[in-house]
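Heads up, the thing below is written out as structure tokens.
None of the values given here were measured: they were computed from a predicted structure.
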Amino acid sequence: MEYDILVEFLPKLLSSGMSLLWSLAFLFIGLKLIGFLRKLLRGALERSSVDTGVVQFLDALVKIAAYAVLALALMARFGIQTTSFITLLGSAGVAIGLSLQGSLANFAGGILILMLKPFVVGDYINACGCEGTVAEISIFATTLHSADNRNIVLPNGTLSNSNVTNFSANETRRVDMSVDVAYNTDLKQARRIIETILAQDDKVLAEPAPVVAVNDLGDSGITILIRPWVKSEDYWTVKWRVLEQVHDRLNEEGIEIPFPQMTIHMEEN
């Protein structure tokens with residue numbers, strides 16, 4: 001009797017044992033593959049100089065997704081119906097996606113900003129009608145410090161889809177200025193005065209050479225264009241200093257800087 005029972009259940013035991021061994025082997029290979037893929041992903045992201053926080057977040061996301069797929073595959077090997085689980089996860093994913101679509105857009109925008117790097121912390125930018133120095137780039141928002149020491153928080157979803165002007169991207173910048181002089185001015189003298197001011201300023205670069213030229217014949221005076229090149233960090237220092245010096249030197253030389261005026265001719269009947 002015992003022999004008959006053993007003969008009857010032995011094939012089933014062997015089959016179950018082999019199935020268990022194959023499942024363990026499948027689990028082992030799956031874990032090794034997940035570890036290899038994570039290592040490959042982290043290496044690629046680190047070589048791309050992606051922010052450490054983004055690397056860790058994406059690694060955790062891939063880890064969770066891979067473990068979920070592996071668990072469903074193991075359940076299928078043991079004959080457990082996974083269709084209902086997949087449907088439930090899909091429905092939950094859609095519901096969460098709809099409820100968090102704004103946050104997901106900001107998250108996607110943050111990933112793009114951190115990977116493509118249109119700006120980095122410390123850059124001075126203008127975006128979404130705001131201007132300031134980038135203080136922090138997080139997953140969902142970017143914080144700017146304005147010139148008057150305000151914190152401006154911009155959602156990354158909006159920021160990644162907006163025009164961004166990065167004033168710190170290049171080492172040098174051109175300072176665009178102008179000054180009006182009266183129509184009776186000796187333009188050669190006025191240009192020499194301005195060129196001398198630029199040549200004596202140690203923060204004005206020799207190359208590219210500064211441009212001083214007549215730009216417009218306006219209603220009240222002649223507009224002289226002043227365009228020196230400077231290092232990006234010296235932009236405002238040079239602009240404020242040069243404008244002040246131009247004003248003072250032109251006044252010293254008796255060159256009139258006109259204010260808006262209109263000449264009216266009266267006709268007698």
Do you know the tightest heavy-atom contact between Val212 and Glu195? CG2-CG, 3.8 Å
State yes or no: do Ile194 and Leu225 share one hydrophobic cluster built from I, L, V, M, F, W and Y residues joined by side-chain heavy-atom distances below 4.5 Å, directly or via other members? no
Can you check whether Phe119 reaches Ile113 side chain to side chain, under 4.5 Å on heavy atoms? yes
Which atom names give the shortest non-hydrogen contact between Arg174 and Asp176, and what distance separates them? NE-OD1, 2.8 Å
Have Asn151 and Thr143 got a donor and an acceptor in their side chains that come within less than 3.5 Å? no
Please report the shortest heavy-atom distance between Leu154 and Ala127, naming the atom on each side. CD1-O, 4.1 Å
Looking only at side chains, do Asn149 and His145 share a donor and an acceptor under 3.5 Å apart? no
Among Asp201, Ile197, Leu198, which one satisfies side chain to side chain contact (heavy atoms under 4.5 Å, CB included) with Pro228? Leu198
What's the shortest heavy-atom distance between Pro210 and Leu205, and which atoms? CD-O, 4.0 Å
Testing the basics here: between Ala182 and Pro258, what is the closest heavy-atom pair and its distance to 0.1 Å? N-CD, 3.6 Å
Might you point out which heavy atoms bring Cys130 and Ile152 nearest each other, and give the distance in Å? SG-CG2, 3.8 Å
Look only at the side chain of Ser168 and the backbone of Tyr124, and say whether a donor-acceptor pair between them is shorter than 3.5 Å. yes
Report yes if the side chains of Ile222 and Val214 come closer than 4.5 Å at any heavy-atom pair, otherwise no. yes
